[in-house]
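One structure below.
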Amino acid sequence: MKNDLQNLPLGIASFEDIRKDNYLYIDKTKYIYDIISSGKTYFLSRPRRFGKSLLLSTMENLFLGKKELFEELYIYDKWDWNESYNVIYLDMSELENNSVEELEMDLTDTIERIAKLNNIIIDEKISLKKKFSNLIVDLYENTGNNVVVLIDEYDAPILDNITNETLVKNIRRTLQSFYNVLKTKDKYIEFIFITGISKFAHTSIFSKLNNPTDITLSNKYSTICGISHTELEEYLHDYIGNLAEKNDMNYDECLGEINRWYDGYSWDGEKRVFNPQSTLSAISKNNTNISNFWFETGTPKFLVEILKNRAIQIDYFKPITLTESELRQYDPSSSKDVPLLFQSGYLTIKEKYVDNNNIINYILGIPNFEVEIGFKDNLLELYEEKIENRFKKSKESVWEDFINGNCEELSKRLRAFISGLPYYLRLSKDNKEKWKFYSLVFTTWARAMDFEITEEKAIEDGRIDFILENIEKEQIIIVEMKYTEDQRKTLDTLINEAFKQIEKKKYYWAFEDNIKLMAIALKDEYIDDGFITDVKCKIKKVL
C-alpha cells in the first residue's frame, strides 16, 4: 500500500481548503476560463454529489483574486489578477424551507450577513427582494467593482418539498421574485452562474435573466463535473493501483470494476464521466473494496417520494426516448418523471439521434451497476410496502413452517414472491451480481413477514448470510444462501454446499439454545432470452 498518495477531497467542496491543505484537485479551470470568456449568465444542471459546489467555489476564489490558490493550474497565467470583483455566493440547499416564512427568514439572514461582512447597512424594515437589490447596488457603489452572483442548488427548496404542491407553488413565487432582482440590477453585475438538479418548467427565473446559457447538455462542457476517462488515468492512476493491490487484482482488472460500477454518466451522448463521490470513495487510501457509495450520501428521496405517490408506468431498465425540450425541463405537476430521474442521476444519455445537425431525440438508460443496485433497492422498498398487507395473515403460519421444517411450503412461498416481482426490477441476464439482488429479495421478503433479520453477521471464522430471530418463540434460524446460473448444477447440490459451509465454519457456535440451520438454493433457468428462478430450501436442527 502506498502511503505517499495525496488525500482525496471526500466531502470537501471548498476550493480554498483543497488547495491550502494539499488535497488532490482535478483541474477544471480550463472550462471555467472558457465560460467566463464567452458569456455572462449560465445555468448548469447536475445530480447531487457531482462537484457543482466545488465548481462554484473555484469561481468564487477566482473572482476574489486569490492568485496563490491557482498556481500550476490552467487558468493561472491567463487570468487578469489586477481586476477585482464583489462576490455574492448563495447556497440554497443550506436554507430552511419547511415553509415560505422559514425560507424568507433564512434568505434575509444570508443577505444581511453578506452585507455586514462588507460593512454595508441594510434597512431591516424593507422587503427581502429590496434587501437583495440594495446589497448589489451598495457593493458596486462602495468599491466601484462589478458584482458576481453564484447560486448553488437554486432548486433545493422546491425539490425538498416536491410532494407538497401548495408549498411548492408558494416557494416558486418567492424564488421568482427574489431571482428577478438579478435582471433589474443587470448593469451592476459582471457574471452569474446558477446550478441545480432540475430546470423546472414555469419557474420564471430563466425567462427573466435575459436567456441564460444552459450548458447542461453542451458537448463542450459535458465533462465540466465528474471525472473523465483521461482525468482518471492522469490524476488517479496510482490510487487505482493501490486498490488493485489490496484486492489481489491487476491494474486492468481493477480499472474494469471501477468502470462497471461508477462510469457511464453522459450529458451529450458521447463523452462519459465517472461519479466523483463514488469513485474517490472507492479508491481512497482507507478503502478496501469497490461498493455502493453514492446512495449513502446522494439523497435519492426524490425518486422514492415520487414513486410512493404514482404508479410505475415506465420500464426504467429499457432504453427510454425523450426530446431535448422534455429532457431540459421538469414539471412537478406532470406525470412524466423521466426528466427528473435524468437530472437527479438515475438515468443518463446513452446516445442521441441527430438529423441535419439538429438533435431529434435522446436515448436514456441507467448509467452503471451502482445506480442499478440503488434503483432496485428503492423500488423494492416501495414494493415491500405494497405487499406487506398481503402477507399479514400468513406471518404466523410462515413461522410455524420454519419451526416445523416445512420446507416444501416455504419454498413455494419464496418462489411465489420472486415470481411476482416485475421483470424490470430484476438484474439483466448477463449481470454477474445477481446473487446480491437475491440477497436483497430475501431480506425484503423476511422484513415483510415482520421477522427480525440480521445480514452478513460477522463471527469468528467468516460471515453468516442471514440470522432470523423470533424472541417470543425463543427461536434463532441461521440461513446460508447459495445461487447459481450453471445449468449443470442442481438445487440439491447447492443445499449440500450450504450445509457443508455452515458445518465447516461452525456458525452455530456463536449462539446457544433453540437454533435451526436453513439452506436456501436459487437457480436461474434460462428460457428464450430471459430466465425464471427456481427455489428450494431445507432446514436442520443443530445436533
Side-chain angles (χ1 to χ4, degrees), residues 35-36 39-44 52-53 56-57 59-65 83-97 99-158 160 167-196 199-200 202-214:
I35 286 170
I36 295 172
K40 179 175 180 176
T41 307
Y42 291 89
F43 171 76
L44 173 70
K52 300 189 302 297
S53 298
L56 286 191
S57 178
M59 291 180 180
E60 178 186 28
N61 283 275
L62 184 68
F63 280 112
L64 289 174
E83 291 286 342
S84 258
Y85 303 94
N86 299 290
V87 178
I88 297 175
Y89 190 118
L90 301 174
D91 184 351
M92 305 301 286
S93 68
E94 291 186 346
L95 305 179
E96 294 294 332
N97 54 49
S99 67
V100 171
E101 292 73 24
E102 276 189 354
L103 178 61
E104 290 182 344
M105 185 170 62
D106 263 22
L107 268 175
T108 297
D109 181 68
T110 301
I111 296 304
E112 291 176 348
R113 178 174 48 80
I114 295 172
K116 185 176 181 181
L117 288 172
N118 289 276
N119 299 314
I120 294 171
I121 298 174
I122 295 287
D123 188 346
E124 293 183 0
K125 298 177 182 179
I126 61 177
S127 68
L128 168 62
K129 180 179 178 180
K130 190 64 177 174
K131 287 179 179 179
F132 188 28
S133 176
N134 287 358
L135 174 64
I136 292 172
V137 174
D138 290 348
L139 282 171
Y140 174 79
E141 291 182 345
N142 286 3
T143 63
N145 299 325
N146 283 350
V147 178
V148 170
V149 181
L150 306 173
I151 302 176
D152 198 12
E153 304 278 10
Y154 92 96
D155 53 353
I158 297 174
D160 288 348
L167 181 55
V168 163
K169 286 181 179 178
N170 292 331
I171 286 175
R172 185 188 292 125
R173 290 193 202 99
T174 299
L175 293 179
Q176 287 170 352
S177 174
F178 181 77
Y179 293 139
N180 191 43
V181 171
L182 300 177
K183 181 178 181 180
T184 62
K185 299 306 171 187
D186 181 69
K187 67 179 181 179
Y188 303 104
I189 295 175
E190 178 73 19
F191 182 77
I192 298 171
F193 200 96
I194 301 166
T195 77
K199 186 174 181 181
F200 280 92
H202 313 310
T203 304
S204 60
I205 171 178
F206 299 104
S207 62
K208 293 182 178 180
L209 283 179
N210 298 321
N211 297 318
T213 302
D214 185 350

Hey, does Arg173 have a side-chain heavy atom less than 4.5 Å from the side chain of Asn170?
yes

Given ring pair (Phe, Tyr, Trp, His ring centres under 6.0 Å), test Phe43 with Tyr154 step by step and report yes or no.
CA-CA 10 Å; Phe43 171 76; Tyr154 92 96; 5.7 Å; yes

Going by the angle between their ring planes, with limits at 30° and 60°, are Phe178 and Phe132 parallel, tilted or perpendicular?
parallel

Separation of Leu128 CG from Thr174 OG1 (nearest 0.5 Å):
8.0 Å

Are the side chains of Ile192 and Leu182 in touch, meaning some heavy atoms are under 4.5 Å apart?
yes

Hey, is OH on Tyr85 packed in by over 12 heavy atoms from elsewhere, all under 6.0 Å?
yes

Write down the atom of Leu103, the atom of Leu175, and the distance for their closest heavy-atom approach.
CD2-CD2, 4.2 Å

Heavy-atom donor-acceptor pair, Thr108 side chain to Glu104 backbone, under 3.5 Å:
yes

Compare every heavy atom of Ile88 with every heavy atom of Val147, then report the nearest pair and how far apart it is.
CG1-CD1, 3.9 Å

Sequence neighbours excluded, which residues qualify as salt bridge (charged side-chain N to carboxylate O under 4.0 Å, His left out) partners of Glu101?
none

All heavy atoms of Val181 vs all of Thr184, minimum pair found to be O-OG1, 3.0 Å

Looking at Glu96, is its backbone amide N or carbonyl O close enough to the side chain of Asp106 to form a donor-acceptor pair, meaning the two atoms are under 3.5 Å apart?
yes

Looking only at non-hydrogen atoms, find the nearest pair between Asp91 and Ser93 and report the distance.
OD1-OG, 2.6 Å

Check: Ile189 main-chain N/O paired with Lys40 side-chain donor or acceptor under 3.5 Å
yes

To the nearest 0.5 angstrom, please state how far the OG1 atom of Thr41 sits from the CZ atom of Phe193.
11.0 Å

Side-chain donor/acceptor of Asn118 to backbone N/O of Ile120, under 3.5 Å:
no

For Leu117, does the CG atom sit with more than 12 other heavy atoms under 6.0 Å from it, leaving out its own atoms?
yes

Distance in Å, Lys131 NZ paired with Asp109 CG, rounded so as to fall on 0.5 Å steps
9.5 Å

For side-chain contact (heavy atoms from CB on, under 4.5 Å), just list the numbers for Ile35 and Thr213, CA-CA rounded to whole Å, side-chain angles, deciding distance to a tenth of an Å, and then say yes or no.
CA-CA 10 Å; Ile35 286 170; Thr213 302; over 6 Å; no

Let's go through Lys129 and Asn180 carefully: what are the C-alpha distance in whole Å and the side-chain angles of both, what is the deciding distance for side-chain contact (heavy atoms from CB on, under 4.5 Å) to 0.1 Å, and is it a yes or a no?
CA-CA 9 Å; Lys129 180 179 178 180; Asn180 191 43; 4.0 Å; yes

Can you find a pair of side-chain heavy atoms, one from Tyr179 and one from Ile194, that are under 4.5 Å apart?
no

Once rounded to the nearest 0.5 Å, what's the spacing between atom CD1 of Ile121 and atom CD of Glu112?
12.0 Å

Residue pair Asn145, Ser84: steps toward the side-chain hydrogen bond (donor to acceptor under 3.5 Å, both in side chains) verdict:
CA-CA 6 Å; Asn145 299 325; Ser84 258; 4.5 Å; no

Is any side-chain heavy atom of Glu94 less than 4.5 Å from a side-chain heavy atom of Asp152?
no

Do side-chain atoms of Tyr89 reach the backbone of Glu60 as a donor and acceptor pair under 3.5 angstrom?
no

Using modelled atom types only, decide if a donor and an acceptor are shared between the side chain of Asn86 and the backbone of Leu139 within a distance under 3.5 Å.
yes

Interatomic distance, CG@Asp138 vs OG1@Thr143, rounded to 0.5 Å, equals 10.5 Å

Taking C-beta and beyond as the side chain, do Asn134 and Ile111 meet within less than 4.5 Å on heavy atoms?
no

Got a sec, which residues hit salt bridge (charged side-chain N to carboxylate O under 4.0 Å, His left out) with Lys185, two or more places apart in sequence or on another chain?
none

Is there side-chain contact between Asp155 and Met92, with heavy atoms separated by less than 4.5 Å?
no

Taking all atoms of both residues into account, what is the closest heavy-atom pair of Ile171 and Asn97, and its distance?
CD1-O, 3.9 Å

Do you know the tightest heavy-atom contact between Glu190 and Asn146?
OE1-ND2, 2.9 Å

